[in-house]
Amino acid sequence: MIERIPLLTGWRFSPEWRDGMEKSEGGHAFADAALPHAPVELPLNYFDETSYQKVSCYRRTLPELDLSGGMRAMIRFEGVMAAATVWVNGKLLTEHKGGYTPFEADATDLLKGDGSDTLTVRADAREREDIPPFGGQIDYLTYSGIYREVYLDLCAPLRIGNLKVECADPLASEKDVRARVFAVNAGTAVEAAVEVTLSDLSGRRLASTAKNVTAAPGEGEFEVLLPSVSGLSLWSPDSPTLYCVECSLAPASAGSRGAEALPADRFKTRVGFRTAEFRSDGFYLNGKPFQIVGLNRHQAWPYVGYAMPARAQRKDAEILKNELRVNLVRTSHYPQSTHFLDRCDELGLLVFEEIPGWQHIGGEEWKAVAKENVAEMVRRDWNRPSVVIWGVRINESRDDDPFYADTNAVAHRLDATRQTGGVRYITNSSLLEDVYTMNDFVLDGGPVALRKQREVTGLDRDVPYLITEYNGHMYPTKKGDCEERQHEHCVRHLRVQNAAFADPAVSGAIGWCAFDYNTHKDFGSGDRICHHGVMDIFRIPKFASFVYASQTPPERGAVLKPVTWWARGERSVGGILPLLVLTNCDEIGLKFGPFDEIRVTEKSADFPALPYPPFVVDLRHIPPEKIGAWGMKWEDGLVTGYVGGKAVAEARFASNPVVSSLEAAADDAVLDAGAKDVTRVTVAAADRAGNPLPFSDSIVRVEIEGPARIQGPSLFPLIAGSRAFWVESSGEAGTVKVRLSCEGLETRELTLEVR
Ligand code: GAL
């Protein structure tokens, strides 16, 4: 492309579609809208999910365009739920089925380019039986509208539609880098010069090759080799080095844009060099064994569903990498935002990406869309080093060999560099993929945490094998649930991870799931939420999130989380023992009231395969005369984590917690002007020790001044002592004041700049 024009603002939106809207608003009620757009702002819970399953209309005027010299105007949609029909000036441009993958169309022939062109989109969010994932029940919501970006890409008549960068042997010190250039020629056959350059992210050129090609009309592919490139670093979770590959395609007569001269087209992509291989004895990254510790993620938020701009998408990747410290995320159950995946590339977070679907397989038209979804996913994300496997089955569907032979073939044909998986929960299912990817929900509190792979596959040999889900509905746990449940929730996550680490025939395990999510009435706790996350729907940690963070070395930061609300009478019978302490420290200390600190060096023997097993403090360590019993005085607590004898972390607990302060923090101080942007504000009622009060439901009022608004209600109760909300800027520059008040507590004010 030559220029990308974002079409994010200036939209008009009607919640109802009426015939003729492709030509005019026709006197119907339209309102101004900006992308990403949520047609319906939902309550947090207990809502009717059919409220958004509507057909709506979006319209906007296109800017003035210089289409001289044969320039082409491509309109690109990153995601419209769930089917889109697009018109330009009342004439049909394109149609697309599937809400999770991008599509584009060449609008040039329908455009005047004088600034009066109208783009109309009919967005059909009904759960139509001809489109995956619909047709059965689904444990998540799919929302509605144009919930991702739309762009107008001005391209040369001979344009580069896509670029795939491959490296046959990334581990070689001199790498042959192959660029596959997918060209589209809107004109007649032409001689052209194609040039491919590899640079680092600072723009330093590292290699470049040019060659002459003949571009026939229509689609064509050219291959350009950058041979024996040396000095390239590998991409890995610890060192996610990215490079930029840029390609230009210039017709022989290219030069200044005159009537005769044809402009050169460009395409840029980021790449990373690494190998990723699932073998029957585990996963190997860059040739070395690598244990996958992951979580599943839904791309949904409270109130606005999927319609969150780049910053929130990127933040989720940061939470997974830096707070939860997992090394892989599965984009359950569909291709997720490119902003999220961009951040995964940058942070070194591995990705299991899969096609849309949930248990149900539809008819022939449905299957055709599913196969197209495979192609669209692969073509969109094939250069991402983070993506290490394509999921080409409908999550947890029954076997359908002809269908899945096709989905595998599509992925392999388009991308020979990655293995496929297909997530299942049935045993003995046909292995048509490269990796047997299994949701193993066997752990129900009994003795077995994970089944042996041969018991699951029914095969007489080991194959590449990955656990793609566990826990979830087997033990839903809310952030504010009682201490005993929190304890068991943590133990179950620990047990499965321990079992995965212990079994060399398992590549790793991906837990269900990172964040609580809104769902259909047929799932969840009746409140339209699956409380399956190790974080709540606001991305506030539950205790179990520290199971994951604590499995990383203390050099990345000490983790110390005693699994307790610290009270004499919260548990049955009372007390806090046995006290589970999730930590990567090698020794802990517990000080109870006036008594001397007791030190514990011996880790729990129940999880021997974990890199950092937790501690369990019980009456062996602290005698009843010190910790006391029902009727005795409750005391302050201090748990300290030691590494090499040095105190590196502590957790303080108040024996007499009273609401002392309203704590509030924004994830970002500065938002971008020009388009919709968001940041999360977390708020908690805290005691004197700064701990959120787990059973506080104090009411918080939020007032916002300046060019921003709150998503969702501005008056709400805390949930288990804390909660969050997102402040959404309008795009206008200025200062935003966010005032939070709660009766009896000092008001807090946060200042954000939009610039
Ligand atoms: C799985 C399913 C997930 C989620 C999970 C809850 O069967 O793949 O989407 O519903 O159960 O534990």
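Just so you know, ligand 1 is whichever comes first in the structure, and atom 1 is the first atom listed for that ligand.
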Exercise. For Arg424, check side chain to side chain donor-acceptor pair (under 3.5 Å) against everything at least two apart and list the hits.
Key: Ser429, Glu433

Quiz prompt | Residues Tyr147, Phe77; criterion ring-ring contact (aromatic ring centres under 6.0 Å, His included); working and verdict | solution = CA-CA 10 Å; Tyr147 73 96; Phe77 293 81; over 10 Å; no

Practice problem: Give a yes or no on whether a salt bridge exists between Glu365 and Lys97, defined as a side-chain N under 4.0 angstrom from a carboxylate O. | Solution: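 Judged by the 4.0 Å cut-off on N to carboxylate O distance, Glu365 and Lys97 do form a salt bridge.
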
Quiz item: His473 and Phe441: aromatic ring centres closer than 6.0 Å?
Solution: yes

Less than 3.5 Å apart, N/O on ligand 1 and N/O on the protein: could you list those pairs with the distances?
| unit_1 | atom_1 | unit_2 | atom_2 | d |
| --- | --- | --- | --- | --- |
| ligand 1 | 7 (O) | Glu396 | OE1 | 2.6 |
| ligand 1 | 7 (O) | Glu396 | OE2 | 2.7 |
| ligand 1 | 8 (O) | Asn395 | ND2 | 2.9 |
| ligand 1 | 8 (O) | Glu396 | OE1 | 3.3 |
| ligand 1 | 8 (O) | Glu396 | OE2 | 3.4 |
| ligand 1 | 8 (O) | Glu469 | OE1 | 3.0 |
| ligand 1 | 8 (O) | Glu469 | OE2 | 2.8 |
| ligand 1 | 9 (O) | His333 | NE2 | 2.5 |
| ligand 1 | 9 (O) | Trp358 | NE1 | 2.7 |
| ligand 1 | 10 (O) | Asp139 | OD2 | 2.5 |
| ligand 1 | 12 (O) | His473 | N | 2.7 |
| ligand 1 | 12 (O) | His473 | ND1 | 2.6 |

Quiz prompt | Stepwise ring-ring contact (aromatic ring centres under 6.0 Å, His included) test for Trp358 and Phe523 | solution = CA-CA 13 Å; Trp358 205 86; Phe523 302 90; 5.1 Å; yes

Exercise. Look at atom CD of Glu484 and say whether more than 12 heavy atoms of other residues, nucleotides or ligands are closer to it than 6.0 Å.
Key: yes

